[in-house]
Amino acid sequence: VQLQASGGGLVQPGDSLRLSCVFSGRTRTIDAVGWFRRAPGKEREVVAVLRWSGRVTYYADSVKGRFTISGDVAENTMYLQMNSLRPDDTAVYYCAGSRRVYNSMSYYTNANVFDSWGQGTLVTVSS
């Protein structure tokens, strides 16, 4: 499975931005999709995860109420709508897909369970 992320850019605090990720290849093997980010000088962290089956979602505490993950299985596309952006949201954002099936969403907070990764798109929030 190949992933292509896009939509990053430079925005001001309080602005909104939508990231997109297009999947190709053996997309039917994907059970969960997610967004991760790596801020300068920090470790990669999970942002949001969506399981195609049941449409269950997970959000990191830092983005709850501001970010929304969504996707269209038929179009092999997922999105991350980011509202009320803050300077600490500045990071390279990566989309990822996992073929693994877990009952608990907590397993998907671990980047190691994701098999396929996009190239990353930079989001900079600055005044």
Task: Path from Leu80 to Val11 over hydrophobic side-chain contacts below 4.5 Å - done: yes
Open item on the list: Test of understanding: clusters of I, L, V, M, F, W, Y form through side-chain heavy atoms closer than 4.5 Å, transitively. Do Val49 and Val92 belong to the same one?
Closed with: yes
TODO: For Thr77 and Glu75, indicate whether the former's side chain and the latter's backbone hold a donor-acceptor pair under 3.5 Å.
DONE: yes
Open item on the list: When you measure from the centre of the six-membered ring of Tyr79, is the NZ or CZ of Arg18 closer than 6.0 Å and no more than 45° off the axis?
Closed with: yes
Task: Separation between OH of Tyr59 and OG1 of Thr68, rounded to the nearest 0.5 Å - done: 4.5 Å
- [ ] Evaluate the criterion side chain to side chain contact (heavy atoms under 4.5 Å, CB included) for residue pair Leu19 and Met82; output intermediate values, then yes/no.
- [x] CA-CA 8 Å; Leu19 305 182; Met82 304 185 294; 3.7 Å; yes
Task: Straight-line distance of Cys21 SG to Gln4 CD, nearest 0.5 Å - done: 8.0 Å
Open item on the list: With no hydrogens and no angle check, just 3.5 Å: does a side-chain donor-acceptor pair link Ser106 and Ser104?
Closed with: yes
- [ ] Give the ring-plane orientation class for Tyr107 versus Tyr102, where under 30° counts as parallel, over 60° as perpendicular and anything between as tilted.
- [x] parallel
Open item on the list: Just to verify, which of Trp35, Phe36, Tyr94 counts as forming a ring pair (Phe, Tyr, Trp, His ring centres under 6.0 Å) with Phe114?
Closed with: Phe36
Task: Heavy-atom check, side chain of Arg51 versus side chain of Thr57, under 4.5 Å - done: no
Open item on the list: Just by distance, no angles: are the side chains of Ser16 and Asn83 close enough, under 3.5 Å, to form a donor-acceptor pair?
Closed with: yes
Open item on the list: With side-chain hydrogen bond (donor to acceptor under 3.5 Å, both in side chains) as the test, pick out the partner of Arg37 among Thr90, Asp89, Thr121.
Closed with: Asp89
Task: Nearest-0.5 Å distance, CZ of residue Arg100 to OH of residue Tyr108 - done: 10.0 Å
TODO: Flag this pair as yes if the NZ/CZ of Arg38 is under 6.0 angstrom from the six-membered ring centre of Trp117 and inside a 45 degree cone about the axis; otherwise no.
DONE: no
TODO: Taking the side chain as every heavy atom from C-beta outward, state whether Arg99 and Arg26 have any pair of such atoms under 4.5 Å apart.
DONE: no
Open item on the list: Quick check on the hydrophobic clustering: are Leu3 and Trp52 connected, directly or via other members, by side-chain heavy-atom contacts under 4.5 Å?
Closed with: yes
- [ ] Please round to the nearest 0.5 Å and tell me the distance separating atom OG of Ser20 and atom CD of Gln81.
- [x] 9.5 Å
TODO: Can you measure from CG (Asp15) to OG (Ser127) and round to the nearest 0.5 angstrom?
DONE: 10.5 Å
Task: Spatial distance of atom SG (Cys95) from atom CZ (Phe23) [nearest 0.5 Å] - done: 5.5 Å
Task: Val22 reachable from Met78 in the ILVMFWY side-chain graph, under 4.5 Å edges - done: no
TODO: Indicate yes or no: at least one non-hydrogen side-chain atom of Leu85 is less than 4.5 angstrom from one of Leu17.
DONE: yes
Open item on the list: Within the 4.5 Å heavy-atom criterion, are Arg86 and Pro13 side-chain neighbours or not?
Closed with: no
- [ ] Evaluate the side-chain proximity of Ser53 to Asp31: yes if any heavy-atom separation is below 4.5 Å, no if none is.
- [x] yes
Open item on the list: Are the side chains of Leu50 and Tyr58 in contact, using a 4.5 Å heavy-atom criterion?
Closed with: no
Open item on the list: Quick check: is Val46 connected to Val123 through a chain of hydrophobic side chains (ILVMFWY, heavy atoms under 4.5 Å apart)?
Closed with: no
